[in-house]
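The block underneath contains the structure these notes are about, expressed in structure tokens.
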Number of protein chains: 2
Amino acid sequence: MSAIAVSTEETILEAARKVFMQKGFAAARMCEIAKIAGINQALLHYYFRSKDRLFEVIFAQQSQNFYANIISILHSDVPFFEKLRLMIAKEIEKISSAPYLPMFILNEMHSNPERMQCNGSVDRNTHFFKTFSDLVEKEYEAGRIRKVCPQQLFLSIMGITMFPFLAQPMIKMALEIDGKSFEQLMQERAEHASELIIRSLQV
Amino acid sequence: MSAIAVSTEETILEAARKVFMQKGFAAARMCEIAKIAGINQALLHYYFRSKDRLFEVIFAQQSQNFYANIISILHSDVPFFEKLRLMIAKEIEKISSAPYLPMFILNEMHSNPERMQCNGSVDRNTHFFKTFSDLVEKEYEAGRIRKVCPQQLFLSIMGITMFPFLAQPMIKMALEIDGKSFEQLMQERAEHASELIIRSLQV
DNA sequence: GCCGGTCTTAATTAAATAGTTAAACCAGGT
DNA sequence: ACCTGGTTTAACTATTTAATTAAGACCGGC
């Protein structure tokens, strides 16, 4: 009963996650989700009343997933440079196992900003910047890094780690590489990215 | 006659550009394009047979627009560091005037890779990497920069310049700034980004 | 004046897709 | 044995939207 019910609910969520993340809300099809979950559309609506509701659940989950790493590392108790290295490495590691995640989140926020405003799951997760900013400030005052705008630095770190995945199809064409080589490149990426950021901060 | 015809054709393209770039192919509506162009749907199909055809035209145009800057600067005759500065500055300048451009291109390539393969307009524009790679190689051999993987460097430069626009809605929430402040931040961005990249390359 | 292409209006078709319903099936638990 | 709830099937409705069509209005050049 309950055990079985949870199982199919999760089967559905898993299928929905795949489809929504790959195609986005507008191009996603309920019948495809049902098909992948190995069930019928009737049961889909039996569990989640509508496409919108199902999407809300998926988006909230993934949104959580998207920010969790950064937040926990920012609050961890390691030296600043180590934090940067960890943020970059862990983020690349996670995205490697879910390459569509950044595009999904950013594209849905972009193409439907209204949905986000009334959505608490977004708000709860986006208040970590002050922590980062304070860390940078302190590090500068201790003379361990050069003077730098925390906002700009933050954008750079995020861009350097997430962009390759956002632009994956373009990158593959531009660099003329296949999926295998791309994965390889991403495995080496954390090292290059950390090196680049940390060198740029040297006094 | 001809003058008028061209004018409405351009009116339609302008409207289509707005709608497709803001909503993406799947969520874009022909009737909205018609409405914005100030015409009716019948005329829309009179000029462009179908939604797909209209989209092809827009995508090809924007794709061109997307790569043009980088390509022309790569082939220009200025020192390497100056090229980097120019690439970053010009790219930010362009995107600032069309903030949806990167998300549009990357998201459509992501959510519909098939469309791209048969589309020459993409292929023609993505073969500029070797030029960049050679430049980096030469610069290293001349001892003016440290040893660095050209592919990784390329990803970093692109990421640093384009990410803020791709993530605009998220950024605004995370940094708790409004549209005005975001524009301000982007105006200062080229300077920070160049500084960061060039410092990281110092031997 | 009329001719051709541009454009409008409005009605209509066709297709895709979200969502509903009712009846039946089946397995586990009582 | 039977009740319950998850599940299936299949037919159905409603809605949205792309695409078409036909009849005619407007308008500039011939």
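Within every chain, numbering begins at 1; the chains are lettered A, B, ... in the order of the sequence lines, protein sequences first and strands thereafter.
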- Would you please confirm or rule out a distance under 4.0 Å between OP1 or OP2 of C:dC7 and any side-chain N or O of B:Thr8? yes

- Message: Counting only side-chain nitrogens and oxygens, does B:Tyr46 get under 4.0 Å of the OP1 or OP2 atom of C:dT6?
- Response: yes

- Item | Residue mapping more 5' on DNA chain C - nearest nucleotide basis, A:Cys31 or A:Ala42 | A:Cys31

- Residue met sooner reading DNA chain C from 5', once B:Asn40 and A:Ser50 are mapped to nucleotides: B:Asn40

Out of [options], which nucleotide sits closest to the side chain of [X]?
{"X": "B:Met30", "options": "D:dA18, D:dT7, C:dG19", "result": "D:dA18"}
{"X": "B:Arg49", "options": "C:dA18, D:dT20, D:dT8", "result": "D:dT20"}
{"X": "B:Arg29", "options": "C:dG19, D:dT7, D:dT17", "result": "D:dT17"}
{"X": "B:Leu43", "options": "C:dC7, D:dA19, D:dA10", "result": "C:dC7"}
{"X": "B:His45", "options": "D:dT8, C:dT9, D:dA18", "result": "D:dA18"}
{"X": "A:Ile39", "options": "D:dT8, C:dT8, C:dA18", "result": "D:dT8"}

Between [atom2] of [N] and [atom1] of [X], the distance in whole Å:
{"X": "A:Phe25", "N": "D:dT16", "atom1": "CZ", "atom2": "C1'", "answer": "13 Å"}
{"X": "A:Gln41", "N": "D:dA11", "atom1": "CD", "atom2": "P", "answer": "15 Å"}
{"X": "A:Leu44", "N": "C:dA18", "atom1": "CG", "atom2": "P", "answer": "10 Å"}
{"X": "B:Phe48", "N": "D:dA19", "atom1": "CZ", "atom2": "P", "answer": "13 Å"}
{"X": "A:Arg53", "N": "C:dA18", "atom1": "CZ", "atom2": "P", "answer": "17 Å"}
{"X": "A:Lys51", "N": "C:dT20", "atom1": "NZ", "atom2": "P", "answer": "15 Å"}
{"X": "B:Tyr47", "N": "D:dA19", "atom1": "OH", "atom2": "C1'", "answer": "18 Å"}
{"X": "A:Leu54", "N": "C:dG19", "atom1": "CG", "atom2": "C1'", "answer": "14 Å"}

- Message: Can a donor-acceptor pair be found, under 3.5 Å and without considering hydrogens, that links the side chain of A:Lys172 to the backbone of A:Phe182?
- Response: no

- Task: Check for a donor-acceptor pair, side chain of A:Thr8 on one end and backbone N or O of A:Thr11 on the other, with a separation under 3.5 Å.
- Result: no

- Validation row: A:Met170, B:Tyr67 side chains within 4.5 angstrom (heavy atoms): yes

- Task: Select base, sugar-phosphate, or nothing to describe what A:Ala34 touches, counting heavy atoms under 4.0 Å on all strands.
- Result: nothing

- Indicate, with a heavy-atom threshold strictly under 4.0 Å, whether A:Ala26 touches base, sugar-phosphate, or nothing. nothing

- Do you know which of A:Arg146, A:Lys83, A:Arg144 makes side-chain hydrogen bond (donor to acceptor under 3.5 Å, both in side chains) with A:Glu139? A:Arg144

- Task: Using the six-membered ring wherever Trp is involved, compare the ring planes of B:Phe128 and B:Phe154 and label them parallel, tilted or perpendicular (cut-offs 30° and 60°).
- Result: tilted

